[in-house]
S.K.: 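Sharing a structure with you now.
Every number for a ligand or one of its atoms is a count from 1 in the order of the listing. If you read the sequence from its start, that first residue is 1, and numbering goes on from there.
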Amino acid sequence: EEQEEDVLRELRLFLRNITERLSLDRRFKAFTKPVDIEEVPDYLMVIKKPMDLSTLLTNIDEHKYVTVGEFMADADFIWKNALEYNPDSDPMDRNIRHRACALKDTVRAIIRDELDEDFERVCEEIRESR
Ligand SMILES: CC(=O)c1csc(NC(=O)C2C[NH2+]C2)n1
């Protein structure tokens, strides 16, 4: 009903705000757009579910997420994929893994500081009711 749509609208605003803040952080520039398959032709052989910050924003606008947990699961693919695709000891790999770990910790810290647990519980009730 209308109250549920009010909750999901507030969820989308919260998720857009987080995603936009991450996209402005220069540490996360490599994660702002999909990996360019022309530049990195073997990427899709290694990474089964590519994800990036611009795709998160599109998903939010398409009402893909009904809970913060669903959003977090997709956001986690961004840094998990980077750790998987960049396993080597060379400086480039180490640098992007460092940024991937910073992204993981930053998302979790924002959610812990800014998400009301009761709000997420209401979102989960809506998801289970659908
Ligand atoms: C987004 C992401 O994880 C990404 C983009 S380029 C890249 N890695 C490289 O270009 C090479 C350094 N060793 C492979 N990783």
Side-chain angles (χ1 to χ4, degrees):
E1 73 262 24
E2 194 44 43
Q3 291 86 328
E4 288 191 358
E5 288 316 307
D6 293 340
V7 169
L8 296 183
R9 191 175 310 109
E10 183 171 351
L11 172 69
R12 291 192 294 275
L13 290 170
F14 175 69
L15 296 180
R16 279 193 200 95
N17 175 266
I18 295 174
T19 308
E20 285 158 1
R21 285 152 63 186
L22 294 170
S23 303
L24 292 172
D25 189 318
R26 293 200 313 273
R27 292 175 296 171
F28 307 142
K29 178 128 181 61
F31 307 127
T32 53
K33 295 287 182 192
V35 169
D36 184 340
I37 300 308
E38 271 130 56
E39 284 168 26
V40 191
D42 70 333
Y43 189 77
L44 292 180
M45 285 154 43
V46 177
I47 299 302
K48 296 307 158 206
K49 187 173 170 155
M51 188 49 63
D52 69 281
L53 294 168
S54 72
T55 302
L56 285 183
L57 274 178
T58 301
N59 290 348
I60 293 164
D61 293 346
E62 293 177 351
H63 297 200
K64 177 179 176 186
Y65 307 121
V66 177
T67 68
V68 174
E70 290 175 339
F71 168 83
M72 289 272 288
D74 270 356
D76 283 350
F77 278 113
I78 301 174
W79 59 264
K80 284 177 181 174
N81 290 345
L83 296 182
E84 184 180 352
Y85 187 70
N86 298 282
D88 300 339
S89 66
D90 76 69
M92 271 276 286
D93 284 36
R94 286 179 187 269
N95 182 272
I96 201 147
R97 289 204 305 274
H98 179 72
R99 296 160 190 255
C101 294
L103 178 66
K104 171 187 178 184
D105 292 341
T106 303
V107 173
R108 272 158 179 71
I110 291 174
I111 300 287
R112 186 204 60 210
D113 292 350
E114 301 179 25
L115 172 65
D116 183 320
E117 290 170 6
D118 291 336
F119 180 82
E120 174 67 354
R121 272 192 281 272
V122 170
C123 293
E124 283 161 359
E125 289 303 313
I126 293 171
R127 189 192 57 203
E128 281 145 25
S129 78
R130 295 195 170 186

S.K.: To the nearest 0.5 Å, what is the distance between CZ on Arg12 and CD1 on Ile60?
M.R.: 10.0 Å
S.K.: Does the Asn86 side chain pair with the main chain of Arg94, one donor and one acceptor, at a distance under 3.5 Å?
M.R.: no
S.K.: What is the closest protein heavy atom to atom 10 (O) of ligand 1, and at what distance does it sit?
M.R.: Met92 CE, 4.1 Å
S.K.: Does ligand 1 have a heavy atom under 4.0 Å from the side chain of Ala82, from its backbone, from both, or from neither?
M.R.: both
S.K.: Can you check whether Thr67's main-chain N or O pairs, donor with acceptor, with Arg127's side chain at less than 3.5 Å?
M.R.: no
S.K.: Show the nearest heavy-atom pair for residues Ala100 and Leu83, with the distance to one decimal.
M.R.: CB-CD2, 3.9 Å
S.K.: Does the side chain of Leu22 reach to within under 4.5 Å of the side chain of Phe28, using non-hydrogen atoms?
M.R.: yes
S.K.: Find all atoms of ligand 1 within a distance of less than 4.0 Å from any non-hydrogen atom belonging to Asp93, and give their numbers and elements.
M.R.: 12 (C), 13 (N), 14 (C)
S.K.: Of the side chain and backbone of Val35, name the one, both, or neither that has a heavy atom under 4.0 Å from an atom of ligand 1.
M.R.: side chain
S.K.: Out of Thr32, Asp36, Asn86, indicate the one that has the non-hydrogen atom closest to atom 14 (C) of ligand 1.
M.R.: Asn86
S.K.: Report the part of Ile96 (side chain from C-beta onward, or backbone N, CA, C, O) that has a heavy atom under 4.0 Å from ligand 1; answer both or neither where that applies.
M.R.: side chain
S.K.: Please check this pair: side chain of Glu84 against backbone of Ile47, looking for a donor-acceptor N/O pair closer than 3.5 Å.
M.R.: no
S.K.: Within a distance under 4.0 Å of any heavy atom of Ala30, pick out the atoms of ligand 1 and give their elements.
M.R.: 1 (C)
